[in-house]
Amino acid sequence: MIPAAFDYTRPSTVDDAVRALAGAGEDAKVLAGGQSLIPVLRMRLAAPTVLVDIGAVAELRGVRDDGDALVVGATTRHADLLRDPLVAAHAPLLAQATAQVGDRQVRHLGTIGGSLSHADPAGDLPGVTVALEATFEVAGPGGRRTVPAAEFFVDFLTTALAPDEVLVSVRVPKRPGWTTHYEKFVRVAQAWAIVGVAAAVRRENGTIAEARLALTNMGTTPLRAAGVEEALTGAPATVDAVASAAGRAGEGADPPTDVFASAGYRRHLATVLTKRAVLAAGGIV
Amino acid sequence: MTIMEERAATEVGAARRRKEDARLITGRTMWTENITLPGMLHLAILRSPMAHARITRVDTSAALREPGVVAAFSGADVAGVQGSLPCAWPVTEDMLLPDHPPLAVDEVRHAGEAVAVVVARDRAAAVDALAAIEVDYEPLPVVTEMPAALAEGAPLVHADKGTNKAYTWIFDSGEAGTGQSTEATFADAEVVIKRRYVQQRLIPAFMEPRSVVADPTGDQHTIWSATQIPHILRFLLAVVTGTPEHKVRVVAPDVGGGFGGKLQVTAEELITFLAARRVGKPVKYTESRSDSILTAHHGRDQIQDLELAARRDGTVLGLRVRLLANMGAYMGLVTPGVPLLGAFMYNAIYKFPSYRFECVGVFTNTTITDAYRGAGRPEATYAIERMMDELAVEVGLDPIEVRRRNWIAHDEFPFDTVAGLTYDSGNYEAATDKATSLFGYDELRREQAARRESNDPVQLGIGVSTYTEMCGLAPSRVLGALRYGAGGWESATVRVLPTGKVEVVTGTSPHGQGHETAWSQIVADQLGVAFEDVEVLHGDTRTSHKGLDTYGSRSLAVGGFALVNACTRVVDKARPVAAHLLECDVSDLEFKGGAFRVRGAPADSAGRTLADCSLAVFAAHDLPEGVEPTLDAEATYDPANFSFPHGTHLCATEVDTETGRVTIRSYVAVDDVGRVVNPLIVEGQVHGGVAQGIAQALFEEAVYDADGNLLTGTFVDYTPPSAADLPDIVSDRTETPAPDHPLGTKGVGEAGTIASTPAVVNAIVDALRPYGVDDIRMPCTPERVWRAVQGGDRS
Ligand SMILES: Cc1cc2nc3c(=O)[nH]c(=O)nc-3n(C[C@H](O)[C@H](O)[C@H](O)COP(=O)(O)OP(=O)(O)OC[C@H]3O[C@@H](n4cnc5c(N)ncnc54)[C@H](O)[C@@H]3O)c2cc1C
């Protein structure tokens, strides 16, 4: 299909992008890699009057070291993130999940900021940012503000971003001593998650000292698996203990039923995948 | 003149890279969508959002005022002239054949049915203007499932027909005299197995969406279409629209796949043709992927009720098939006949004595079904191969052993089957032996036992599928007996140009199969010319006026036969010319390696090549008395019988019982497709076919909701697999030549699809037998597999 007609602008600074958005009112949309937005436009599920292409804003692209955290620019493409040594060293969970986003073409065009702003409950990266307790820097007409990942995802395809705000970057804390794993379950390769589990654990001697878990596609927003985290804290690093803790993965979940899977099956998958994610993250056999 | 070096007949059998691939793969060719004509306009189609509704009003006047719009009209505006889409296969005398208007006039019967069109100066303007068309619908009750459609008081898809039952077609070996009656054999049976299998609805998903350009300027009206069937389209366009046939030219330029999905005369073709004639200018329509998924014909969608009778020793005595076949809302070109192509294949490679097949065609408020790779044969093969596994379990035999006890032995060919066909040749023993040894069958069985023993959460399953199929569609007299509206012959023309280069015109219509390469290889051997010196022309009724196109693995089996005959005629025509040049008698000549020589003369002695003859004919200065100055020859061939390739496919799956995920660990395909013209092409066909068969087993299903909305309207939801989802395929062959074909070839276009689906599902069920599982509905999604594990008897 062909999108409805729209105006197009390509600012080179964040301020200009915000101005362009504010000037156009509710009808403007940010265009990053276009991997989610263009299909929406082509199917005429949305018909914005203005597209603000942020691809030329230099400030938004790239990864930098900021002491105890990495700062990943919003228009950093998935493929570039995967080649980044800082990400490999300090945020392997983000890299592991990003490597499973879509296919090669999608990863060469799609951006981290687009993935997060789109807030698809089946998207891989929102859950990862929740598990890593990342914070998001957002720019709007009134200046810049910081939003924790857990508050950024508000509802189905809905974030804390106002229509005239731009996501600038994602701040991912370095977590020395933690090990991580992303466990994704798909119908076909190179597709969205039926259920995904992002896990980070810190082991101390024979026990699990701390754990952070977030589930993908078990509700309209990423679900922090607080019950599992609680059960794992101080638990022995054994298969049985992990399996038992994983039984709580469905707490607070409200998974969808769709052509891929029923809600009940997703609940079951959540426990199996949580077990596998924690075992892999913690190197527990 | 120098004599061309003698060439051995080695082109046939060589793994030639396909000569058409460079242009197809790089896109440096003319797809229909690439065609731009002077003054060309663009068409967009407004489609029904409802599955069943009365159209009470259509107003296109506002659309006419939109920028760039040249014309807009609805079905009512063209009701008198648009005709009805053709069905060429009324399978019974009393089959219901409802009107099928290209543009709906007063009622829509499936979601996506075309309701109105806009013609505009560019495509975006045409699409934009659709929003200005007003349509009032009065919803009618919807029925999408066959059992519901046949129930008392069901909503009627065609109210005037009084029923959704389109036809009942029966074959009974007792009545036909091809075997015993099933009553007798079932009464004697020690074992009767009953099963219901569901062949889910599939979407052909060719790579190039359908596209059509119609040019009404000029004396011949020309239609370019991404179709498999330019010749049939020309004939039917003439019949349906009343245009004199000689005023219609159809061109299928390079076409990007079809899989049966472009074996259709479509509403879009007729609407575009109609629109072009109304505005007097060339008009183009290219569908979007979403439109294609929604409206291009679907495949399969059958419910199979099966009963198999056998003795305790595993000998099969008979099979009864009761089939419901979903037609969709109308009859497409061969919609009603597709399930009947399967009717002749349920007995497969086995020689059981009795068989009864009963098929009911059912109308529903869904997109029409029609041919999809294999067309009837995958369904039949799936049913019997699943049943053979059930029988093996029931009587406690290995699944290969149970097949061995029932199959036709290699020395029993030709074999008259219980379904009334005569199988030409085969060697099931050889193919199966080769497959089991490549697969490591015994070793895998040992591993399976070990995993069962240790209660491994990942179980191993082994799936067997031994198949045959009928290729070379089709002997015209058989088609006539089945009430099909056309014949099954094929034609070829060979033109020898003055310099000795060769042009071949084929009536087949390749859309990715590699005919240009295979035909060149055959001609190179037959005429002793270089592979590179042959050009194969096809798909344009102006150059190829005669043919029946490409489907049903027919092109090489039938068209290749015509090609060999045409080549023989060329040589015969050249003979008197060569004799004249060599100043010898015709009867003293022999033709070998591209040259005529006096019989018995040494190979390096002076001879005359075909090029020498063609130049002499071109000059025509000195031809023997009565010899026409041409070497060109045409041949049309009508096959006496089908050809019957066969093979054995083995699949090993790992089934994660915790999640239900199925992973194909290894896949071995041993196919016997007769003599092979080009092993690379054969392997490509097997790989693609197996991929599509695996897709049916594991991934794909078109799903409608109760209101008749297609829920799987994009590739994201329909989940066709990519290379990343598919196993390495070990593809090998045995070679039992087709006895009736000059090249010994059979056909390979559909084999992989036919064989693979039951191999995969048998493997999954085999893995889960300890859990009490004896069936899983296709596609075997992780959720279905997991539920089967949960619901099965674990004791
Ligand atoms: C075939 C295919 C497969 C895919 N598979 C997966 C998968 O397996 N897993 C997965 O997680 N995702 C998957 N995706 C989605 C893909 O990851 C996202 O489409 C993509 O990364 C989004 O980023 P983008 O740069 O393309 O965003 P765009 O499409 O340009 O924008 C998406 C949305 O975010 C808004 N937006 C973008 N950037 C900003 C910003 N900086 N500030 C404010 N708003 C912004 C846009 O306005 C728009 O609403 C797939 C997509 C395709 C096409």
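A note on names: the letters A, B, ... follow the listed sequences, proteins ahead of strands, and every chain is numbered from 1.
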* Asked: Is any residue of residues 181-189 of chain A within less than 4.5 Å of chain B by heavy atoms, and which ones?
  -> A:F185, A:V186, A:R187, A:V188, A:A189

* Under the side-chain contact (heavy atoms from CB on, under 4.5 Å) test, which residues partner B:N34, sequence neighbours left out? -> B:W31

* **Nearest non-hydrogen partners of B:T719 and A:F260, listed with the distance** => CG2-CE2, 3.7 Å

* Asked: When you check the gap from the basic side-chain N to the acidic O, do B:E658 and A:K275 get nearer than 4.0 Å?
  -> yes

* **Portion of B:S290 that has a non-hydrogen atom of chain A nearer than 4.5 angstrom** => side chain

* Asked: Do B:R787 and A:S262 get their side chains close enough for a donor-acceptor pair, meaning under 3.5 Å?
  -> yes

* **Toward chain A, the part of B:T286 with a non-hydrogen atom under 4.5 Å** => neither

* Take atom CD of A:E26 as the centre, draw a 6.0 Å sphere, and report whether it contains more than 12 heavy atoms from other residues, nucleotides or ligands. => no

* **ring pair (Phe, Tyr, Trp, His ring centres under 6.0 Å) pairs, two or more places apart, involving residues 265-285 of chain A** => A:Y265-B:W786, A:H268-B:W786

* Select one option (side chain, backbone, both, neither) describing which atoms of B:R123 are under 4.5 Å from chain A's heavy atoms. => both

* Asked: By a 4.5 Å heavy-atom criterion (distance strictly below it), what part of A:A261 contacts chain B: side chain, backbone, both, or neither?
  -> both

* **Which atoms of B:D705 approach chain A - backbone, side chain, both or neither, heavy atom under 4.5 Å** => neither

* Structure fact -> Those residues of residues 32-47 of chain A that come under 4.5 Å of chain B on a heavy-atom basis, listed by number, are A:M43, A:R44

* To do: Check for a donor-acceptor pair, side chain of A:Q190 on one end and backbone N or O of B:A724 on the other, with a separation under 3.5 Å.
  => no

* Going from CD1 on A:I2 to CG on B:D128, what distance comes out if it is rounded to the nearest 0.5 angstrom? -> 8.0 Å

* In Å, rounded to the nearest 0.5 Å, how long is the span from CD1 of A:I194 to OG1 of B:T659? -> 11.5 Å

